[in-house]
Amino acid sequence: MSLLAALVLVVVAAAGVLVVRPGPVDGWLAGDPTSSPSAAATPDPMPTPVLAAADTSGTAPTAAGVSAAITPLLKAGPLGPRVNVSVADAATGESLFEQNADTMTTPASTTKLLTAATVLAARGPAHRLATRAVAGAEPGEVVLIGGGDATLSAGAKGQFPGAARLDKLAGQVEKALGGQAPTKVTVDISLYEGPLTALGWDGDVIGGGQVAKIQSLMTNAGRIEPVHNEFGGDPRFSDPALAAGRAFAEHLGVATGTVKKGKAPAAVESGAPSAAPSAAAGAAPAPGAELGKVESPPLVHVVDWMLEQSDNVLAEALAREVALAAGQAASFEGAAQAMIAKLGELGLPAGEAELSDASGLSRRNRISPNLLTEVLKLAASGKHAELSGMFGGLPVAGWSGTLRTRFVTPAPNRIGQGLVRAKTGTLTGVNTISGQLVTADGRLLVFAIMADRTGESVAARQALDRIAAKLVTCGCT
């Protein structure tokens, strides 16, 4: 179970648990370092341990002990009359508690756990998404082809560390064209099909900045400004693809009014002259000739950002990669079908999921608590090493992402800080949480708690946190 050692971000100290923040991650991942590192006068000191492995030799909880610990908490008023739960030991796979565990429940953003697992299985952690520029059919026309990279940045200031950049792509295009000046920009978003919004989305999710129209070309997941607001949503472009095309045109010195949607010419045949030599000889590049390409960070990093910040646009883009890998249409319907098929290929109970989207915004989604814990158990088992990448992005209680301000009040919930890593889900009347935690005896448990008839949201979230915190404190033997 050596894989479990990477799942717990805690330092165990004599007085309790100290949550340790990492170093300047943005700086490590940034595409352009601001300065060159100076030579060290002395060797770097040996690093101090910051990871505590989950102790698989510790006393395992019993089903009776877990039931006695959390059953009273499931009756909390804010959780409403229907709370569906699954708790299991990650080391043995043994189920420790079930309450309507196979009941299909509105999952909200815990849907993203299925998205993470299926895209990692379908594409692999190292896969990158490419945004390309090719010569258009008319002289001076540059076609920007969307490749599904929603993390793409317009310039140096972007939402996602190390993202591919349109200004760098424009530099490649200018070099490929030689002295020829571009005259207009066309954007090709034909990779994706079908509606731009999903069935079951509330009417205010785009206006409220929770998501953008899903297109294969956009910058900063459709955000107008590369800023994530924890509450209130992030304003999005009404047409993310055209906005990206206009940003690209600005970098090329082309009037933004020339930007339109269209289809790229067929690619240049293999062995045909490249664009750059043609431009150097004073001739226009052949239609469809590649003028430049930029690629996203590895897919595992995109999954991290999707899970940590619960980014709905990234989730929908990643799900379309599952569809494309399976030869399905890159649409909401195609992605849902491909995700469910991939779950079945992994040996998971795919029949316990009904999907209309991959982000969890759709109220038509249904997922059982059992399926969520089965996904987490499989990812922790080492049987599919690529799935272990989904743990890195899970928010840490009291520390990061959507759990940064959770497990704070009431005071007993604080014991979960640093020991609970989970994906949350929230819609009006729906509150869910699913992830992993470490008990007082050092056992790693996976859990899913789903309530879809809740009352006031803050109180419901605190009630969910209390259940996870109780599992942290009890030996439950």
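Because the structure is predicted, anything quoted here is derived from the model rather than measured. Just so it is clear, the values below take in all heavy atoms, side chains as well, and ignore hydrogens, waters and symmetry mates. Starting from 1, each residue takes its place in the sequence as its number.
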Salt bridge (charged side-chain N to carboxylate O under 4.0 Å, His left out) against R363, all qualifying residues, sequence neighbours excluded: D202
Closest approach of D304 to G392 (non-hydrogen atoms, all atoms of both residues): OD1-C, 3.6 Å
Minimal non-hydrogen separation, T106 against T432, with atom names: O-CG2, 3.8 Å
Flag side-chain contact, heavy atom, 4.5 Å: K423 against S434: no
E333 atom CD: more than 12 heavy-atom contacts under 6.0 Å: no
side-chain contact (heavy atoms from CB on, under 4.5 Å) between T131 and K293, intermediate numbers included: CA-CA 6 Å; T131 303; K293 179 176 73 173; over 6 Å; no
Within 6.0 angstrom of E225 CD, more than 12 heavy atoms from elsewhere: no
List the atom pairs, with distances to 0.1 Å, where a side-chain N or O of residues 238-255 and a protein N or O form a donor-acceptor pair under 3.5 Å, not counting sequence neighbours.
residue: D239; atom: OD1; partner: Q215; partner atom: NE2; Å: 3.3
residue: D239; atom: OD1; partner: A241; partner atom: N; Å: 3.4
residue: D239; atom: OD1; partner: L242; partner atom: N; Å: 3.3
residue: D239; atom: OD1; partner: K261; partner atom: NZ; Å: 3.4
residue: D239; atom: OD2; partner: K261; partner atom: NZ; Å: 2.8
residue: H251; atom: NE2; partner: A154; partner atom: O; Å: 2.8

Pairwise side-chain contact, F332 with W201, heavy-atom cut-off 4.5 Å (strictly under): yes
Single hit among R223, H228, Q210 for side-chain hydrogen bond (donor to acceptor under 3.5 Å, both in side chains) with D311: R223
Under-4.0 Å salt bridge between E386 and R123: no
Verdict with reasoning, Q172 to V294, per side-chain contact (heavy atoms from CB on, under 4.5 Å): CA-CA 9 Å; Q172 294 178 29; V294 291; 3.7 Å; yes
Ionic contact status for E352 with R366, cut-off 4.0 Å: no
Between T115 and K112, a side-chain donor and acceptor under 3.5 Å: no
Donor-acceptor pair, side chain of T454 and main chain of A451, under 3.5 angstrom: no
S356 vs N365 side-chain heavy atoms within contact, under 4.5 Å: yes
Beyond-backbone contact of E308 with T402, side-chain heavy atoms, under 4.5 angstrom: no
D357 side chain to A198 backbone, donor-acceptor under 3.5 Å: no
Non-hydrogen atoms of T110 and L372 that approach each other most closely: O-CD2, 3.8 Å
Check: G140 main-chain N/O paired with T183 side-chain donor or acceptor under 3.5 Å: yes
Shortest non-hydrogen contact between L114 and A353, atoms and distance: CD1-CB, 4.2 Å
Carboxylate-amine/guanidinium proximity below 4.0 Å for E354 and R364: no
Min side-chain heavy-atom separation S368-T105 under 4.5 Å: no
Approximate separation, where rounding is to 0.5 Å, of I206 CD1 and T197 OG1: 5.5 Å
Ring-face cation of R320 near Y192 (centre distance under 6.0 Å, axis angle within 45°): yes
Rounded distance [0.5 Å steps], CD in Q436 versus OG1 in T373: 13.5 Å
Nearest-0.5 Å distance, CD of residue E316 to CG of residue L361: 7.0 Å
K184 and E138: CA distance, side-chain angles, deciding distance, salt bridge (charged side-chain N to carboxylate O under 4.0 Å, His left out) verdict: CA-CA 9 Å; K184 69 176 183 178; E138 302 175 15; 3.0 Å; yes
Residues L324, L191; criterion side-chain contact (heavy atoms from CB on, under 4.5 Å); working and verdict: CA-CA 9 Å; L324 290 168; L191 181 66; 4.0 Å; yes
Least distance between heavy atoms, D149 atom then S296 atom: OD2-CB, 3.4 Å
Closest non-hydrogen atom pair, R236 against D234: NE-O, 2.9 Å
Approximate separation, where rounding is to 0.5 Å, of R414 CZ and T409 OG1: 7.5 Å
Note, L152 side chain near L166 side chain (heavy atom, < 4.5 Å): yes
Spacing of L371 atom CG and L343 atom CG [to the nearest 0.5 Å]: 6.0 Å
Residues which pass salt bridge (charged side-chain N to carboxylate O under 4.0 Å, His left out) with E193, listed by chain and number, not counting sequence neighbours: none
CA sep, side-chain torsions, deciding dist, call: S86, N370, side-chain hydrogen bond (donor to acceptor under 3.5 Å, both in side chains): CA-CA 6 Å; S86 174; N370 175 66; 4.7 Å; no
Pair N413-D465, side-chain donor/acceptor within less than 3.5 Å: no
Distance in Å, M218 CE paired with T151 OG1, rounded so as to fall on 0.5 Å steps: 11.0 Å
Side chain Q309, main chain W305, donor-acceptor under 3.5 Å: no
E321 and L129: CA distance, side-chain angles, deciding distance, side-chain contact (heavy atoms from CB on, under 4.5 Å) verdict: CA-CA 9 Å; E321 289 302 308; L129 306 174; 3.4 Å; yes
Q159 vs S153 side-chain heavy atoms within contact, under 4.5 Å: no
Pairwise side-chain contact, I189 with I145, heavy-atom cut-off 4.5 Å (strictly under): no
